Engineer: 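Dropping a structure here in C-alpha cells format, bear with me for questions.
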Amino acid sequence: MISRSLLIAALNEALSTGGDYAEIFYEDTDSESLLLDNGKSEPPALSKTSGVGIRILKGLGSVYGTTSDFSKKSLLSLAADLAKSFEGERTIKVETISKARVGKVNRVPDPVIEAPLEEKLAYLRKGYEAAKEYDERLVRIMASLSSTKSVRNVVSASGPNAIESDNVECRVRLSISCVASDGKSTETGRMGPGLACGWKECQAKNDPAEIARKAAKKAITMLSAKECPSGRYPVIIANGWGGVLFHESCGHPLEASATSRNLSIFSNCIGKQIASPIVSAFDDGTIGGAFGSSNVDDEGVGTHKNQLIKDGICVGYLVDRLNGRRLNMEPNGTSRRQSYRYAPTSRMSNTYIAAGKDDPQDIVKDTKLGIYVADFGGGSVDPSTGEFNFSACEAYIVRDGKIAEPVKGCTLIGRGDEVLMNIDRVGNDLDLGQGYCGAASGSIPVCVGQPTIRLKEITVGGRGGKLE
Amino acid sequence: MNVKKFFELAKERGITASQLVINRSKCSSIETFNHAIENYSIADNQSAVASGLFEGRYGSVRTDRIDQKTIPWLVDGIIKAAKANESGSGTDFFPGSPKYRKKNIYNKSIDSIALDDVLKNLYQLEEGARAKEPRITDFNASFEKVSSSSEFYNSHGLKLVNKKSSYYYVVALYARNGEELRNSDQFDFGIDPSKMNLAKMIDEAIKDVRSQFGGVPCESGKYPTVIKNDVFASLIDYVVSAASSEQVQKKSSFLAGKLGTKVGSSKLTVSERPLEKTPFFSYFDVEGVARYNKNIIKNGRLETYLYNRDTAKKDGVESTGNAEFSGGKIGIGYGTIFVKPSKKGFEEMIAPIKKGVYITSIQGLGTGMNSINGDFSCQASGFMIRDGKTCEPLTLITLSGSLLKMMEDIKDIDSNAVLGLDGISSPDVYVRSMSIGGK
C-alpha cells in the first residue's frame with residue numbers, strides 16, 4: 001500500500017529531530033456485519049477502515065499522528081509535524097527495510113468476509129429458526145455475523161535497518177440475542193462466540209442452532225428470576241466467559257500502561273504474592289484460531305504466551321514498547337490497537353486462570369448458601385484503586401450444595417487484589433469466552449477464560465434484600 | 001472527492017436515488033503526566049458514508065479511505081448491501097425540509113490556540129493543584145482541539161454543511177492518604193474558550209478526591225437517594241434511548257405503549273435540544289431532515305418517541321429529525337439532552353432527608369443496565385446523608401433499580417445542572433427510595 005522509498009523517507013523525516021524510534025502502522029480493514037432481525041435481513045453494514053499512524057519515541061516522550069490520506073505529501077507532512085515536537089539532531093538515518101518473520105498463529109484460507117452473502121444469511125437463519133421454535137414467549141430474535149479482514153503492516157526503525165511486519169488477521173463473531181416477554185417482564189439472553197478463522201471452520205465450530213437455543217434458554221429462564229439479594233456471600237463463577245472477572249479486576253491492572261506509572265494496585269509487584277496459591281494465570285496471544293490471538297502485535301513484535309501469575313506470585317506484566325522503557329522490561333508482544341486511529345499500548349489477548357484440580361460439581365456441592373454466576377454481561381475496573389464491578393446476566397442461588405432458583409439484577413463488586421486472594425476453589429474445566437475489550441487504544445477482540453472458581457466472599461448487589 | 005462523479009456513476013449502475021455524507025475532522029491534543037509531556041498527537045481524518053436505492057432496496061457503505069478508487073467501491077458496496085436487504089427499510093430519499101436552523105459553531109480562535117501556551121497552562125494547573133493538596137501523587141492533564149465538518153448531499157440536489165469546532169481540557173489527579181489511593185477526573189469543554197474556567201475544574205477535582213478518603217460500604221437496604229447530576233445524566237441517557245421509535249416498534253423498549261402517559265414524576269422534564277450552541281450542535285440529521293428542539297418527557301408525561309423517516313412512516317407521523325447511521329441502516333440518534341433544573345439549591349433539596357444516600361459516582365452501567373426493561377444494578381460510591389447534610393463517604397456499594405420506578409419516585413430536583421461530555425445536561429435529583437447494596 002505504501003512504497004518502500006516513501007516509508008524510508010517518512011521514517012527519516014520522523015527521526016529528523018533526534019527521535020530514537022519511529023514506527024509507521026498502516027492498515028486496510030474491511031468489515032461486514034449481517035443482521036437478521038426477527039428473520040428479516042437488515043441492510044448489511046459494510047465498511048473500510050484504512051489509514052496510517054506514525055509514532056515517534058524519544059526516551060519516554062511519545063508523539064502520535066494519524067491520517068487517512070496515503071499520499072506522499074500527507075505522510076511526509078505528518079511525519080515532519082510530529083518531529084517538530086522534539087528538539088535535537090538526527091541520530092538515526094534509515095537506509096533499508098527488512099521483512100520480519102511473522103508467526104502463523106491464525107491461518108485463514110477462506111475469510112468469512114469473502115464468503116457468499118447468501119450462505120452466511122442461510123447460516124444465520126438456522127439460528128433464528130432454532131430460537132423461534134424454542135419458546136413462543138420470544139418476541140425478538142436477532143442473529144448477526146460480523147467478520148473482518150485486516151491487512152496490518154508495521155514498519156519500525158531504531159537503527160539504519162527498519163523492520164517491516166506484514167500481517168493479515170481475519171475474525172468472525174456470531175451473535176444471537178433473544179428478547180423474551182410474558183406480558184409482565186421482559187428479559188434478554190445472548191450468546192456471542194468469536195473466532196479468528198475462516199468460513200469452513202466457523203461453520204464447523206459454531207452451530208448457530210445450538211447457540212441460539214442457549215441464548216433463548218437464558219432469556220426464558222430469566223423471566224421467572226427473582227431479584228438478586230444483596231450483601232456479602234460466597235460466589236461460584238462458571239467457567240469460560242466468567243473469566244471476564246479476572247480480565248477486568250486483575251488483567252487490566254497488570255498492563256504496563258498502568259503498572260509503569262505506579263497507577264496500578266499491582267505496580268512493583270513482580271515476585272510478590274498477589275493471589276491465592278491455587279491461582280496461576282496467563283495471557284496467551286498464540287492460541288491458534290482464538291478470537292484474541294494475533295500473528296504479530298501492533299508494534300511488530302511476535303505474540304507470546306506470557307505467564308502473569310504462578311502459584312499466586314506475580315511473575316509478569318503485559319509490556320508494550322513505551323511502557324517497557326519505563327519499567328526497564330522488554331516488550332512481550334502485547335501491544336494492540338483497534339485501528340490506525342489509536343496509538344498502541346499494552347493490552348490483553350487471550351487471558352485466563354489456569355485449570356485447577358477441583359471437580360466443578362464438588363465446588364457447588366460444598367457450598368451451603370451462596371450465588372452461582374453462570375454468565376456475566378461484562379464489567380469494568382479502575383486499575384488505580386482496583387475497584388471493579390461485574391453484572392451477571394444469568395445467576396442462581398446455591399442452597400445446600402445445589403443450584404436453585406434463578407436471580408436477576410446481580411452485580412459483584414470488590415477490589416482486584418482482594419478477589420484474587422479470596423479464590424478458594426479452582427475447577428479443572430478451563431474454557432474460554434469471547435468479547436471486545438475497550439480501553440485506551442480502542443476496542444479489540446479478546447478471549448477471557450477460567451475454570452469454575454469459588455470466591456470465599458464478595459459483595460453482591462441486587463434489589464432482593466438479604467439472602468435467606 | 002468528486003461528489004458529482006459519485007452521483008453520475010451511481011445512476012449509471014442502476015442506483016435510482018442516492019446520498020453521500022462526508023465527514024472531515026482535524027484534531028490536535030497534548031497530554032502531560034507529572035509535569036512532563038506524556039503524549040502529543042495530531043489527526044487529520046475523513047470518512048464517507050454513501051447510500052442508495054438499488055432495485056427498490058436500500059444499501060449503504062462506509063469508508064475512511066478517499067482516493068480515486070473510492071467512488072466505484074462505494075457504488076459497488078451500495079449494490080451489494082441493497083441486494084441483501086430484506087427489511088424494506090429506507091425506501092426513498094428526502095428532498096429537504098422547508099426550513100433549516102443553521103448556526104455558526106465554528107470558532108476560529110480555537111484553531112489558533114497554540115499548544116505551547118496550553119502546555120504552560122497545564123503545568124501551572126498542576127503546580128497550583130499540588131500546592132493546594134500535597135497528597136496528590138500523580139497528575140494527568142490533557143487538552144484537545146477539534147475542528148470538523150459534515151457535508152450532506154443527495155440525488156434530489158439537497159446540500160447541507162455543518163462546520164464546528166470545540167476544545168476539551170481533562171484532568172485526572174491521584175492522591176494518597178496512607179495506603180488509600182483515590183482519583184478524580186474533571187473536565188472543561190465547549191465552543192468558546194473565553195468561557196473556560198480551569199481553576200474551577202481543578203478545585204472540583206481536589207474537593208472530589210479529598211472527599212473520597214475513608215470511604216466504607218453502608219448497610220444494605222433501601223434509602224432515600226440523591227443522585228448527582230452527571231450520574232443522573234448517565235441514567236437518563238438510557239431513558240432517551242428507550243424513546244427510540246425503532247426499539248418501541250421492535251418490542252425492545254420499556255417505553256412501548258406509554259406514549260401520552262405518565263412515565264415519571266411531574267418534576268421531570270427531559271428535552272432534546274440539538275440546536276443549542278454546544279459541541280454537539282447539528283441542524284440536520286443523516287437523512288437531511290431539519291433537527292429541532294423538543295420535549296421528550298414533559299412534567300412526567302411521555303410527549304414523543306424519536307423518529308427517522310422510516311419509523312415515522314410506520315407510525316403515520318412525521319420524522320422528528322433523529323435519523324442516525326447505525327451499522328448498515330438508518331437508526332435513531334439524538335443531540336444534546338437537557339433535564340430541566342428547578343431553582344432550588346442542593347442543600348435546600350436534601351434538608352428534609354433524615355437518613356439517605358448521595359450517589360456521586362457509578363461504574364459499570366454499560367453492562368449493569370438492561371436497556372430493554374430498564375432494570376439496572378451497578379457499582380457506586382458517594383456519601384451518607386444524615387439530618388439533611390452529607391456525611392461520611394461511601395465506597396464499594398451498589399445502586400440497583402428500575403428506570404421507570406426511579407422516574408416515578410423523583411421527589412425533587414435542584415438547580416445544579418451541568419452539561420457532560422456525553423452531551424447530557426442534568427441537575428441533581430432526589431429519588432424517594434432506591435436499593436443500595438453494601439455490608
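Lettering of chains follows the sequences in order, A, B, ..., and the numbering in each one begins at 1. This is a predicted model, so every value here is computed, not measured.
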Engineer: Looking only at non-hydrogen atoms, find the nearest pair between Ser391(A) and Gly368(B) and report the distance.
Structural biologist: OG-CA, 2.9 Å
Engineer: If I compare all heavy atoms of Thr186(A) with all of Asn373(B), which pair ends up nearest, and what's the gap?
Structural biologist: O-ND2, 2.7 Å
Engineer: Pick from Leu322(A), Thr385(A), Asn262(A), Val460(A): which one has the most heavy-atom pairs with chain B under 4.5 Å?
Structural biologist: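 Sorted descending by pairs with chain B, the first entry is Thr385(A).
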Engineer: Would Asn140(B) and Arg261(A) satisfy side-chain contact (heavy atoms from CB on, under 4.5 Å), going step by step from the backbone distance to the final call?
Structural biologist: CA-CA 11 Å; Asn140(B) 194 189; Arg261(A) 302 197 300 178; 4.1 Å; yes
Engineer: Ignoring hydrogens and geometry, is there a side-chain-to-backbone donor-acceptor pair from Ser230(A) to Gly437(B) under 3.5 Å?
Structural biologist: no
Engineer: Between chain B and each of Arg326(A), Lys408(A), Glu118(A), count heavy-atom pairs under 4.5 Å; write down the option with the most.
Structural biologist: Arg326(A)
Engineer: Heavy-atom pairs under 4.5 Å with chain B are the metric here; pick the option from Ser181(A), Gly51(A), Gly414(A) that has the most.
Structural biologist: Gly414(A)
Engineer: In Å and rounded to the nearest 0.5 Å, what is the CD to OH distance from Glu42(A) to Tyr58(B)?
Structural biologist: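 The CD atom of Glu42(A) sits 11.0 Å away from the OH atom of Tyr58(B).
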Engineer: May I ask you to name which of Ile436(B), Thr367(B), Asp67(B), Thr398(B) has the most heavy-atom pairs under 4.5 Å with chain A?
Structural biologist: Thr367(B)
Engineer: Could you report the tightest heavy-atom contact between Ser380(A) and Gly364(B), atom names first, then the distance?
Structural biologist: OG-N, 3.6 Å
Engineer: Is the closest side-chain heavy-atom distance between Arg463(A) and Ser402(B) below 4.5 Å?
Structural biologist: yes
Engineer: How many angstroms lie between atom CD1 of Ile66(B) and atom NZ of Lys48(A), to the nearest 0.5 angstrom?
Structural biologist: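 Rounded to the nearest 0.5 Å, the CD1-NZ separation comes out at 12.5 Å.
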Engineer: Using 0.5 Å steps for rounding, measure from the OG atom of Ser87(B) to the NZ atom of Lys40(A).
Structural biologist: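 It comes to 8.0 Å.
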Engineer: Passes side-chain contact (heavy atoms from CB on, under 4.5 Å), Thr395(B) versus Glu387(A)? Steps please.
Structural biologist: CA-CA 9 Å; Thr395(B) 190; Glu387(A) 291 177 356; 3.3 Å; yes
Engineer: Can you tell if the side chain of Asp44(B) reaches within under 4.5 Å of the side chain of Asp69(A), non-hydrogen atoms only?
Structural biologist: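 No - every pair of side-chain heavy atoms lies 4.5 Å or more apart.
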Engineer: Looking at Gly461(A), Ser41(A), Ser50(A), Ser47(A), which makes the most heavy-atom pairs under 4.5 Å with chain B?
Structural biologist: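 Sorted descending by pairs with chain B, the first entry is Ser41(A).
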Engineer: Before you tell me yes or no, could you show the steps for Gln363(B) and Phe388(A) under side-chain contact (heavy atoms from CB on, under 4.5 Å), namely the whole-Å CA-CA distance, both residues' side-chain angles and the distance that decides it to 0.1 Å?
Structural biologist: CA-CA 8 Å; Gln363(B) 287 83 37; Phe388(A) 65 77; over 6 Å; no
Engineer: Below 4.5 Å from any heavy atom of chain B, which atoms of Tyr340(A) appear? Answer side chain, backbone, both or neither.
Structural biologist: side chain
Engineer: Measure distances from Ser33(A) to the heavy atoms of chain B and classify the residue's part below 4.5 Å as side chain, backbone, both or neither.
Structural biologist: neither
Engineer: Under the side chain to side chain donor-acceptor pair (under 3.5 Å) rule, what do Ser62(A) and Glu38(B) come out as? Steps first, then yes or no, please.
Structural biologist: CA-CA 6 Å; Ser62(A) 165; Glu38(B) 171 90 346; over 6 Å; no
Engineer: Would you check if Arg140(A) and Gln247(B) make a side-chain contact, meaning some heavy-atom pair closer than 4.5 Å?
Structural biologist: yes
Engineer: Which value, rounded to the nearest 0.5 Å, describes the distance between Leu34(A) atom CG and Asn85(B) atom CG?
Structural biologist: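 Rounded to the nearest 0.5 Å, the CG-CG separation comes to 11.5 Å.
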Engineer: Any donor and acceptor pair, going by atom type alone, linking the side chain of Ser41(B) with main-chain N or O of Gly65(A) inside 3.5 Å?
Structural biologist: no
Engineer: Could you check Trp73(B) against Leu46(A) for side-chain contact (heavy atoms from CB on, under 4.5 Å), going step by step and ending with a plain yes or no?
Structural biologist: CA-CA 11 Å; Trp73(B) 188 85; Leu46(A) 309 174; 5.5 Å; no
Engineer: Side chain from CB out, backbone as N, CA, C, O: work out which of these in Asp28(A) comes under 4.5 Å of a heavy atom of chain B, or both, or neither.
Structural biologist: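 Answer is side chain: those atoms of Asp28(A) sit under 4.5 Å from chain B.
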Engineer: Quick check for you: to the nearest 0.5 Å, what is the distance between Asp81(A) atom CG and Ile42(B) atom CD1?
Structural biologist: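 Here the interatomic distance stands at 4.5 Å.
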Engineer: Counting heavy-atom pairs closer than 4.5 Å to chain B, which one of Arg341(A), Arg232(A), Arg415(A), Arg55(A) comes out on top?
Structural biologist: Arg341(A)
Engineer: Are Lys439(B) and Thr459(A) close enough that some pair of their side-chain heavy atoms sits under 4.5 Å apart?
Structural biologist: no
Engineer: Give the member of Val179(A), Asp30(A), Ile54(A), Asn389(A) that has the highest number of heavy-atom pairs under 4.5 Å with chain B.
Structural biologist: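 Result: the option with the highest number of such pairs is Asn389(A).
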Engineer: With the side chain counted from C-beta on, respond yes when Glu187(A) and Ile372(B) share a heavy-atom pair under 4.5 Å apart, and no when they do not.
Structural biologist: no
Engineer: So do the side chains of Phe390(A) and Gln379(B) get within less than 4.5 Å of each other, counting heavy atoms only?
Structural biologist: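 In short, these two side chains do not touch, never coming nearer than 4.5 Å.
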Engineer: Where is the tightest heavy-atom contact between Asp64(B) and Thr49(A), given as atom of each residue plus distance?
Structural biologist: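 Scanning both residues completely, I find the closest heavy atoms to be OD1-CA, 3.1 Å.
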Engineer: Check the pair Lys405(B) / Glu227(A) against salt bridge (Lys or Arg N to Asp or Glu O under 4.0 Å), numbers first and verdict last.
Structural biologist: CA-CA 15 Å; Lys405(B) 185 80 171 68; Glu227(A) 296 293 343; over 6 Å; no
Engineer: Contact part of Glu248(A) toward chain B, heavy-atom cut-off under 4.5 Å: side chain, backbone, both or neither?
Structural biologist: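 Contact with chain B: none, neither part.
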Engineer: Could you tell me the separation between the CD1 atom of Ile413(A) and the CD1 atom of Ile397(B), rounded to the nearest 0.5 Å?
Structural biologist: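 The CD1 atom of Ile413(A) sits 7.5 Å away from the CD1 atom of Ile397(B).
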Engineer: For the interface with chain A, which of Ser377(B), Gly221(B), Gly59(B), Gly366(B) has the highest count of heavy-atom pairs at distances below 4.5 Å?
Structural biologist: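 Answer, by heavy-atom pair count under 4.5 Å with chain A: Ser377(B).
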Engineer: Taking the side chain from Ser68(A) and the backbone from Gln46(B), do they hold a donor-acceptor pair closer than 3.5 Å?
Structural biologist: yes
Engineer: Quick check on the interface: out of Gly401(B), Ser220(B), Gly77(B), Gly327(B), who has the most heavy-atom pairs with chain A under 4.5 Å?
Structural biologist: Gly401(B)
Engineer: Identify which part of Cys27(B) has an atom lying under 4.5 Å from any heavy atom of chain A, answering side chain, backbone, both or neither.
Structural biologist: neither
Engineer: Given a strict heavy-atom distance threshold of 4.5 Å, which part of Asp138(B) is in contact with chain A: side chain, backbone, both, or neither?
Structural biologist: side chain
Engineer: Which pair of heavy atoms, one from Glu86(B) and one from Gly39(A), lies closest together, and at what distance?
Structural biologist: OE1-O, 3.9 Å
Engineer: Kindly give the heavy-atom pair with the smallest separation between Pro44(A) and Ala81(B), and that separation in Å.
Structural biologist: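 In terms of heavy atoms, the two residues are closest at CD-O, 3.2 Å.
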Engineer: Hey, are the side chains of Leu263(A) and Phe33(B) touching, using non-hydrogen atoms and a 4.5 Å cut-off?
Structural biologist: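 Counting from C-beta outward, Leu263(A) and Phe33(B) do come under 4.5 Å.
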Engineer: Could you check if a side-chain atom of Leu117(A) sits within less than 4.5 angstrom of a side-chain atom of Lys80(B), using non-hydrogen atoms only?
Structural biologist: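 In contact.
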Engineer: Taking atom types as modelled, is there a side-chain donor on Ser384(A) or Asn183(B) under 3.5 Å from an acceptor on the other?
Structural biologist: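 Yes, because at least one side-chain N or O of Ser384(A) sits under 3.5 Å from a partner of the opposite role on Asn183(B).
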Engineer: Decide if atom NZ of Lys466(A) counts as having more than 12 heavy atoms of other residues, nucleotides or ligands within a radius under 6.0 Å.
Structural biologist: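 Yes, enclosed.
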Engineer: Taking NZ in Lys250(B) as the centre, count heavy atoms belonging to other residues, nucleotides or ligands within less than 6.0 Å. Is the count above 12?
Structural biologist: yes
